[in-house]
Visitor: 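Below is a structure I'd like to ask you about.
What's counted below: heavy atoms across the whole structure, side chains too, no hydrogens, waters or symmetry copies.
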Amino acid sequence: MKIRLVNQGVFTPVQNINDALVAPAQGFYWIDADVDDLAILQPLFALHDLAVEDCLSEEEQRPKIEIYDGHYFIVINSIRFDDEEIFLRALNIFLGRHVIITVTKQKINELRSLKPILWEEEVDRPDRFLYHLVDIVVDNYFLVGDRIETRIDSLEEDILMHTKKSHLTEIIGLRSEILWLKKVLGPQRDVIATLNKKDLKLIDDQLQKYFSDIYENAVKIAETFETYRDLMGNLREAYQSSLSARANEIMRVFTALTTIFMPLTFLTGVYGMNFDYLPGTHLHFGSYILISLMLALGFGMFYLFRKKDWL
């Protein structure tokens with residue numbers, strides 16, 4: 001657990017947690033904690049039992065905002081994409097009048113990238129801290145969306161050039177990830193809408209208007225991932241079409257080869273019959289003449305098929 005006094009974007013470490021119980025003369029306290037620290041934080045800051053229970057739960061928490069006496073409990077999801085799987089990590093936030101507590105089970109990159117923004121914007125209130133944190137979290141969805149779009153384009157190119165059975169597994173896996181993420185985007189968008197519109201005493205009225213920009217971005221993200229879902233459906237159709245085209249190409253080659261060998265098989269069948277006299281059988285070079293005829297016939301048909309673009 002790390003405790004910092006934030007004043008005009010400047011961070012001052014605090015060693016004694018009891019100092020954070022009283023509002024500072026200027027600025028606010030930021031407590032960056034993990035779930036194990038809640039045993040200490042809950043009685044000191046009167047954190048609601050249900051909010052603490054949600055933080056400790058092993059089940060996946062949907063984004064939400066709960067209004068309690070003296071503080072708000074907010075859950076939003078940080079996103080990460082490793083080109084194979086989408087990861088969502090819950091970011092639990094307790095917003096008070098002079099303190100903000102962030103509780104996570106894993107490291108959240110947005111918390112680290114937030115520090116220079118707080119310094120640049122000279123942040124001195126916890127509600128402004130919340131605004132910049134939510135803004136960074138939502139912006140990261142755009143970055144992940146760009147990577148997903150690049151992955152879809154790359155997968156489409158691979159399918160059109162060299163279709164493999166493994167492509168279907170990738171398509172199904174990525175589509176499932178996108179559908180799962182879409183279910184999360186709705187509640188998260190609703191949370192931001194609440195921060196934007198609802199009368200919240202712990203958030204300044206002027207600052208609340210800025211959440212409308214974040215809400216618009218959240219709507220765009222939801223629409224973007226809706227488009228990605230449609231693209232994955234098109235990609236699956238392209239995979240099926242590519243397989244059908246490949247099968248037709250193989251069948252065309254086999255049909256052409258079978259057609260080429262049909263007259264050759266006919267000739268070998270005729271000259272394999274047990275007759276005393278067949279044209280050319282008693283000639284000294286009869287076998288060579290027959291083989292040459294068969295080769296000429298085979299190559300001639302092959303040339304004809306290539307000229308007509310059948311092969």
Side-chain angles (χ1 to χ4, degrees), residues 54-55 57-66 73-93 104-110 133-196 211-246:
D54 287 339
C55 293
S57 175
E58 294 296 329
E59 297 180 1
E60 182 179 310
Q61 295 298 316
R62 288 165 58 89
K64 62 181 179 178
I65 178 170
E66 301 289 349
F73 176 61
I74 303 166
V75 180
I76 56 177
N77 283 320
S78 167
I79 189 172
R80 185 169 65 87
F81 180 54
D82 65 356
D83 293 335
E84 292 184 2
E85 188 174 357
I86 298 173
F87 295 95
L88 292 179
R89 293 177 174 176
L91 177 54
N92 306 292
I93 305 168
T104 59
K105 293 181 180 179
Q106 303 97 359
K107 292 183 179 180
I108 304 293
N109 293 331
E110 286 84 346
L133 178 57
V134 175
D135 188 35
I136 290 178
V137 169
V138 172
D139 284 345
N140 277 346
Y141 277 79
F142 284 110
L143 299 178
V144 170
D146 291 340
R147 294 185 60 187
I148 291 176
E149 185 175 2
T150 301
R151 180 71 188 119
I152 292 175
D153 292 340
S154 176
L155 193 56
E156 181 179 18
E157 184 177 348
D158 288 343
I159 289 174
L160 294 177
M161 297 297 295
H162 306 287
T163 306
K164 301 178 183 177
K165 291 183 179 179
S166 60
H167 286 150
L168 182 59
T169 304
E170 294 182 52
I171 292 172
I172 294 175
L174 187 55
R175 185 174 185 273
S176 299
E177 294 288 329
I178 293 173
L179 289 176
W180 167 67
L181 182 58
K182 274 188 80 280
K183 295 179 181 179
V184 177
L185 290 176
Q188 185 147 295
R189 181 183 55 200
D190 295 339
V191 169
I192 299 172
T194 301
L195 294 172
N196 174 34
F211 279 100
S212 63
D213 291 333
I214 303 179
Y215 177 73
E216 290 177 3
N217 289 336
V219 172
K220 291 178 182 177
I221 289 169
E223 293 173 349
T224 298
F225 278 89
E226 181 70 29
T227 302
Y228 292 157
R229 188 194 68 169
D230 296 337
L231 288 177
M232 294 308 299
N234 296 338
L235 207 58
R236 185 167 183 174
E237 292 179 3
Y239 172 82
Q240 297 293 345
S241 298
S242 183
L243 278 185
S244 299
R246 186 179 178 186

Visitor: What side-chain hydrogen bond (donor to acceptor under 3.5 Å, both in side chains) pairs are there with at least one residue in residues 212-223, not counting sequence neighbours?
Guide: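 Passing the test, one end in residues 212-223: no pairs.
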Visitor: Find out whether L143 and R147 are in side-chain contact, i.e. whether some heavy atom of one side chain is under 4.5 Å from a heavy atom of the other.
Guide: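 They are not in contact (no side-chain heavy atoms under 4.5 Å apart), so the answer is no.
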Visitor: For the OG1 atom of T224 and the CG atom of D146, what is their distance to the nearest 0.5 Å?
Guide: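 CG of D146 is found 9.0 Å from OG1 of T224.
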Visitor: Applying ring-ring contact (aromatic ring centres under 6.0 Å, His included), can you list everything that pairs with Y141, at least two apart in sequence or on another chain?
Guide: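 With sequence neighbours excluded, Y141 shows a ring-ring contact (aromatic ring centres under 6.0 Å, His included) to no residue whatsoever.
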Visitor: Which heavy atom of V75 sits nearest a heavy atom of A90, and at what distance?
Guide: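 The pair with the smallest heavy-atom distance is CG1-CB, 4.5 Å.
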Visitor: How long is the gap from CZ on R175 to CD1 on I152, to the nearest 0.5 Å?
Guide: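 Output value for this atom pair is 11.5 Å.
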Visitor: Excluding sequence neighbours, so at least two apart, what forms salt bridge (charged side-chain N to carboxylate O under 4.0 Å, His left out) with K105?
Guide: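 For K105, no residue satisfies salt bridge (charged side-chain N to carboxylate O under 4.0 Å, His left out) once neighbours in sequence are set aside.
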Visitor: Would you please name every residue forming a side-chain contact (heavy atoms from CB on, under 4.5 Å) with R80, sequence neighbours left out?
Guide: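 Partners of R80 by the side-chain contact (heavy atoms from CB on, under 4.5 Å) criterion, ordered by chain and then number, come out as D82, F87, R89.
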Visitor: Nearest 0.5 Å, please: how far is CZ in F211 from CG in D135?
Guide: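 It comes to 9.0 Å.
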Visitor: Salt bridge (charged side-chain N to carboxylate O under 4.0 Å, His left out) with D54: which residues, sequence neighbours excluded?
Guide: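 Salt bridge (charged side-chain N to carboxylate O under 4.0 Å, His left out) check on D54 returns K64.
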Visitor: Can you list the residues that meet the side chain to side chain donor-acceptor pair (under 3.5 Å) rule with N140, with sequence neighbours excluded?
Guide: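 N140: side chain to side chain donor-acceptor pair (under 3.5 Å) contacts with E110.
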Visitor: Please list all pairs passing the salt bridge (Lys or Arg N to Asp or Glu O under 4.0 Å) test where one or both residues lie in residues 181-191, with sequence neighbours left out.
Guide: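 As it turns out, the salt bridge (Lys or Arg N to Asp or Glu O under 4.0 Å) pairs with a partner in residues 181-191, which skip direct neighbours, are K182-E226.
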Visitor: Who passes side-chain contact (heavy atoms from CB on, under 4.5 Å) against T227, sequence neighbours left out?
Guide: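 Here the qualifying residues are L231.
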Visitor: Which pair of heavy atoms, one from F73 and one from C55, lies closest together, and at what distance?
Guide: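 Nearest heavy atoms, F73 then C55: CE1-SG, 3.6 Å.
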Visitor: Check side-chain contact (heavy atoms from CB on, under 4.5 Å) between T104 and all other residues, then give those that pass, not counting sequence neighbours.
Guide: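 Partners of T104 by the side-chain contact (heavy atoms from CB on, under 4.5 Å) criterion, ordered by chain and then number, come out as L91, I108, L111.
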Visitor: Under the criterion side-chain contact (heavy atoms from CB on, under 4.5 Å), I'd like the reasoning laid out for D153 against E149: C-alpha separation, chi angles, the key distance, then a yes or no.
Guide: CA-CA 6 Å; D153 292 340; E149 185 175 2; 4.1 Å; yes
Visitor: Going through the checks in order, is the side-chain contact (heavy atoms from CB on, under 4.5 Å) test met by L195 and I214?
Guide: CA-CA 10 Å; L195 294 172; I214 303 179; over 6 Å; no
Visitor: I need the L133 CG to I93 CD1 distance, nearest 0.5 Å.
Guide: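 Answer rounded to 0.5 Å: 4.5 Å.
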Visitor: For residues I86 and W180, report the shortest heavy-atom separation together with the two atoms involved.
Guide: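 Where I86 meets W180 most closely, the heavy atoms are O-CZ3, 3.4 Å.
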Visitor: Of all residues at least two apart in sequence or in a different chain, which pass the side-chain contact (heavy atoms from CB on, under 4.5 Å) check with V184?
Guide: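 Here the qualifying residues are E60, P63, N77, L88.
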